[in-house]
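All residue numbers refer to positions in the sequence shown, counting from 1.
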Amino acid sequence: EIDVKSAERLMQLRAILDGGDGEASASGSPGHYEIHLEYVQLLRSCGKRGLASQLRKAREKFAEAFPLSPELWIQWLEDEEVADGDEDEDEVAMRSEYVSDLLRKAVADYPDPVLWAKRIRHRARSLD
């Protein structure tokens with residue numbers, strides 16, 4: 001369960017990112033990079049499977065507004081690659097396709113050798 005302080009902070013950050021606090025939309029404002037980052041980190045630290053879709057959406061918005069660092073991409077990729085034991089074959093295929101798309105975007109943001117290596121390994125696994 002999420003503690004009250006974390007839940008309140010998540011709501012505050014969400015309001016800022018949604019522009020509901022009277023501020024301009026946080027989509028590309030340079031000062032909002034840190035807000036996106038804190039929101040993603042806080043959602044991730046909650047560790048609840050139920051927040052996975054919110055975390056994914058938060059990361060997608062963050063990546064639309066700003067280039068992500070290689071570390072953020074790697075963290076996201078690792079989270080997405082964690083398979084849920086209840087996934088059927090179609091869900092596994094969809095997850096693999098989603099990860100492929102993330103890897104393409106990641107290397108476009110940063111031509112980082114670690115990201116490229118992950119992309120090549122993922123592609124090789126998908127060809128097996």
For this session: Output, in order, the C-alpha distance, side-chain angles, deciding distance and verdict of ring pair (Phe, Tyr, Trp, His ring centres under 6.0 Å) for F62 and Y33.
Result: CA-CA 8 Å; F62 193 8; Y33 180 91; 5.1 Å; yes
For this session: Answer yes if Y98 and L72 sit in the same cluster of Ile, Leu, Val, Met, Phe, Trp and Tyr residues linked by side chain heavy atoms under 4.5 Å apart, and no otherwise.
Result: yes
For this session: Measure from the side-chain N and O atoms of H36 to the backbone N and O of L17, and report whether any donor-acceptor pair falls under 3.5 Å.
Result: no
For this session: May I ask you to test the P70-V114 pair for a side-chain heavy-atom distance under 4.5 Å?
Result: no
Exercise. Are D109 and R104 ion-paired here, with the side-chain N under 4.0 Å from a carboxylate O?
Worked result: no
Seminar exercise, completed: In this structure, CD of E71 is separated from CG of L115 (nearest 0.5 Å) by 8.5 Å
Exercise. Does the S96 side chain pair with the main chain of V92, one donor and one acceptor, at a distance under 3.5 Å?
Worked result: no
Exercise. Between Q12 and R9, is any side-chain donor less than 3.5 angstrom from a side-chain acceptor?
Worked result: yes
Exercise. Are side-chain heavy atoms of R125 and R121 found at a separation under 4.5 Å?
Worked result: yes
For this session: Calculate, to the nearest 0.5 Å, the distance between atoms CZ and CG belonging to R119 and D112 respectively.
Result: 13.5 Å
Exercise. Which heavy-atom pair separates L51 from C46 by the least distance, and what is that distance?
Worked result: CD1-CB, 3.6 Å
Exercise. Under 4.5 Å between any side-chain heavy atoms of I74 and S69, yes or no?
Worked result: no
Problem set entry | Side chain proximity check, S100 to H122, heavy atoms < 4.5 angstrom | yes
Problem set entry | K61 to D18 - nearest heavy-atom pair and separation | NZ-OD1, 3.7 Å
For this session: Report the C-alpha distance between W73 and K118 in whole Å, list the side-chain angles of each, state the deciding distance to 0.1 Å, and finish with yes or no for side chain to side chain contact (heavy atoms under 4.5 Å, CB included).
Result: CA-CA 11 Å; W73 279 113; K118 281 185 154 304; over 6 Å; no
Problem set entry | Spacing of K57 atom NZ and E60 atom CD [to the nearest 0.5 Å] | 8.5 Å
Exercise. Taking a hydrophobic cluster as the set of Ile, Leu, Val, Met, Phe, Trp and Tyr residues connected by side-chain heavy atoms closer than 4.5 Å, whether directly or through intermediates, do V107 and I120 fall within one such cluster?
Worked result: no
Exercise. According to a 4.5 Å side-chain heavy-atom criterion applied to Ile, Leu, Val, Met, Phe, Trp and Tyr, with indirect links allowed, do W76 and M94 form part of one hydrophobic cluster?
Worked result: no
For this session: Check the pair Q54, R14 against side chain to side chain contact (heavy atoms under 4.5 Å, CB included), reporting the backbone distance first and the verdict last.
Result: CA-CA 10 Å; Q54 277 186 278; R14 177 76 184 258; 3.7 Å; yes
Seminar exercise, completed: Of all heavy-atom pairs linking A63 and L68, the shortest is CB-CD1, 3.9 Å
For this session: To the nearest 0.5 Å, tell me how far L77 CG sits from E81 CD.
Result: 5.5 Å
For this session: Inspect the contact between E80 and R56 and indicate whether a charged nitrogen and a carboxylate oxygen are less than 4.0 angstrom apart.
Result: yes
For this session: Measure the shortest side-chain to side-chain distance between R123 and L103 over non-hydrogen atoms and say whether it is less than 4.5 angstrom.
Result: no
Seminar exercise, completed: Closest heavy-atom pair, D79 versus R59, reported as atoms and distance to 0.1 Å, is OD2-NH2, 2.7 Å
Problem set entry | Spacing of E38 atom CD and Q41 atom CD [to the nearest 0.5 Å] | 8.0 Å
Problem set entry | Gap separating the OG atom of S45 from the CG atom of L10, nearest 0.5 angstrom | 7.5 Å
